[in-house]
Amino acid sequence: MTIVIGLTGGIASGKSTVAAMLRDFHIPIIDADIIAREVVEPGKEAYKGIIDAFGQEILQTNGEIDRQKLGSIVFHNEEKRLLLNRIVHPAIRMEMNRQKDMYIEQGEKAIVLDIPLLFESKLTSLVHKVLLVYVGEEVQLHRLMQRNHLTAEEARARIASQMPLRKKITLADEVINNNGTIEHTKTQLVSILEKWSLEL
């Protein structure tokens, strides 16, 4: 039986760091962000839906969607964000399930679905266990400002568009506290995987 792990966190929580560690343990990762970029490529169904909803002005000169332009619209408008999700999420879900089924058929012991908005998108039914990467609010704000070169106000708007990390703690099966060193994060990950009877 394949164990399907949902890896989630918040923006700038260090989820990608944990995903890289899981990859090092040769556990296949299905990355929702990569799939989200693929399903909105020109010619795909979600691409057409986004243009119908948001207009031609969100396109770059090469015909691809300008993610920054689209982002600046949806980060400050709840209604528009929900509209975008309704267009994109079904396509993402379908592709994630396709990849998941493929790995199960190959007999993988574990598969990780890397889904930043696992709870917000109500996708917990796709996984057996939820692993949350957690950081404190101040650490999250500081990391996001540094990483994306944002002002405190811009960073707060992005964090506010997601469910608070402290609220996600109660919904997760296991939590990695990523406020400390990479070594500490890895130690926590190893003990969780061992608890789930996964040989590394």
Side-chain angles (χ1 to χ4, degrees), residues 2 4-16 18-20 22-23 27-106 108 111-128 130-133 144 147-150 154-155 157-165 168 171:
T2 306
V4 182
I5 301 163
L7 175 65
T8 196
I11 192 165
S13 65
K15 185 180 56 57
S16 301
V18 174
L22 287 159
R23 236 180 233 108
I27 298 173
I29 309 260
I30 301 170
D31 188 325
D33 280 346
I34 291 173
I35 292 171
R37 282 195 285 275
E38 290 170 353
V39 298
V40 298
E41 285 170 356
K44 300 273 176 81
E45 209 171 311
Y47 172 87
K48 293 175 191 141
I50 291 169
I51 292 165
D52 288 346
F54 293 91
Q56 299 278 339
E57 54 271 20
I58 55 138
L59 293 180
Q60 298 179 53
T61 50
N62 64 2
E64 286 178 13
I65 288 167
D66 187 324
R67 293 172 67 83
Q68 256 183 324
K69 232 179 236 177
L70 185 58
S72 65
I73 295 168
V74 300
F75 274 122
H76 299 284
N77 186 322
E78 176 79 0
E79 209 176 297
K80 294 266 171 79
R81 191 162 57 83
L82 293 172
L83 172 62
L84 179 65
N85 290 346
R86 279 199 301 277
I87 297 164
V88 177
H89 285 176
I92 295 171
R93 195 176 295 129
M94 198 187 294
E95 178 58 20
M96 289 195 101
N97 275 322
R98 188 194 68 74
Q99 291 188 26
K100 183 175 81 166
D101 292 344
M102 178 189 77
Y103 285 124
I104 289 170
E105 275 174 37
Q106 288 173 9
E108 293 288 350
I111 305 162
V112 171
L113 300 190
D114 181 343
I115 310 177
L117 302 178
L118 181 72
F119 298 119
E120 293 91 334
S121 309
K122 299 178 173 50
L123 293 175
T124 50
S125 61
L126 297 180
V127 303
H128 302 128
V130 175
L131 177 58
L132 172 71
V133 183
L144 182 58
R147 189 188 76 186
N148 291 27
H149 311 293
L150 301 173
E154 287 168 334
R158 295 196 176 205
I159 291 168
S161 75
Q162 300 181 354
M163 186 190 293
L165 278 171
K168 292 183 181 185
L171 303 170

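Since the model is a prediction, treat every value here as computed from it, not as a measurement. Numbers here are sequence positions counted from 1.
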| said: Is any side-chain heavy atom of Thr8 closer than 4.5 Å to one of Phe119? | reply: yes
| field | Residues which pass side-chain hydrogen bond (donor to acceptor under 3.5 Å, both in side chains) with Arg147, listed by chain and number, not counting sequence neighbours | value | none
| query | When rounded to the nearest 0.5 angstrom, what is the spacing between CD1 in Ile111 and CD in Gln106? | reply | 9.0 Å
| message | If you define the side chain from C-beta out and look only at heavy atoms, does anything of Gln60 sit under 4.5 Å from Ile65? | response | no
| Side chains of Thr124 and Val130: does their closest heavy-atom pair fall under 4.5 Å? | yes
| query | So which pairs with a foot in residues 39-55 pass side chain to side chain donor-acceptor pair (under 3.5 Å), sequence neighbours left out? | reply | none
| CD1 of Ile115 to CD1 of Ile5: how many Å apart, nearest 0.5 Å? | 12.5 Å
| Leu117 and Met163: CA distance, side-chain angles, deciding distance, side-chain contact (heavy atoms from CB on, under 4.5 Å) verdict | CA-CA 8 Å; Leu117 302 178; Met163 186 190 293; over 6 Å; no
| task | To the nearest 0.5 angstrom, please state how far the CD1 atom of Ile51 sits from the CD1 atom of Ile87. | result | 10.5 Å
| Close side-chain approach of Asp33 to Pro116, heavy-atom, < 4.5 Å | yes
| task | State, yes or no, whether a side-chain contact exists between Leu132 and Leu165 at a heavy-atom distance under 4.5 Å. | result | yes
| About how many Å separate CZ of Phe75 and CG of Leu70, when rounded to the nearest 0.5 Å? | 9.5 Å
| said: Can you tell me which residue among Asp31, Ile30, Ile29 is in a side-chain contact (heavy atoms from CB on, under 4.5 Å) with Val112? | reply: Ile29
| message | With side chain to side chain donor-acceptor pair (under 3.5 Å) as the rule and sequence neighbours excluded, what pairs involving residues 66-81 come up? | response | Glu78-Arg81
| task | Could you name each residue pair satisfying salt bridge (charged side-chain N to carboxylate O under 4.0 Å, His left out) that touches residues 82-102, not counting sequence neighbours? | result | Glu95-Arg98
| With Glu108 via side-chain hydrogen bond (donor to acceptor under 3.5 Å, both in side chains) - residues at least two apart | none
| request: Side-chain contact test, heavy atoms from C-beta onward, threshold under 4.5 Å: evaluate it for Leu126 versus Val4 and give yes or no. | output: no
| Could you give the distance from NE2 (His89) to CE (Met96), rounded to the nearest 0.5 Å? | 10.5 Å
| said: Run Lys168 and Leu118 through side-chain contact (heavy atoms from CB on, under 4.5 Å) and show every step you take. | reply: CA-CA 10 Å; Lys168 292 183 181 185; Leu118 181 72; over 6 Å; no
| query | Would the number of heavy atoms belonging to other residues, nucleotides or ligands and lying under 6.0 Å from CE of Met102 be above 12? | reply | yes
| Val18 side chain near Leu22 side chain, heavy-atom distance below 4.5 Å | yes
| request: List the steps, then state whether side-chain contact (heavy atoms from CB on, under 4.5 Å) holds for Thr2 with His128. | output: CA-CA 9 Å; Thr2 306; His128 302 128; 5.8 Å; no
| Expected output: side-chain Ser13 to main-chain Gly9 donor-acceptor under 3.5 Å | no
| query | Looking at residues at least two apart in the chain, or sitting in another chain, which of them share a side-chain hydrogen bond (donor to acceptor under 3.5 Å, both in side chains) with Glu38? | reply | none
| request: Check step by step if side-chain contact (heavy atoms from CB on, under 4.5 Å) holds for Leu144 and Leu150. | output: CA-CA 7 Å; Leu144 182 58; Leu150 301 173; 4.0 Å; yes
| Is the shortest heavy-atom distance from the side chain of Leu59 to the side chain of Glu64 under 4.5 Å? | no
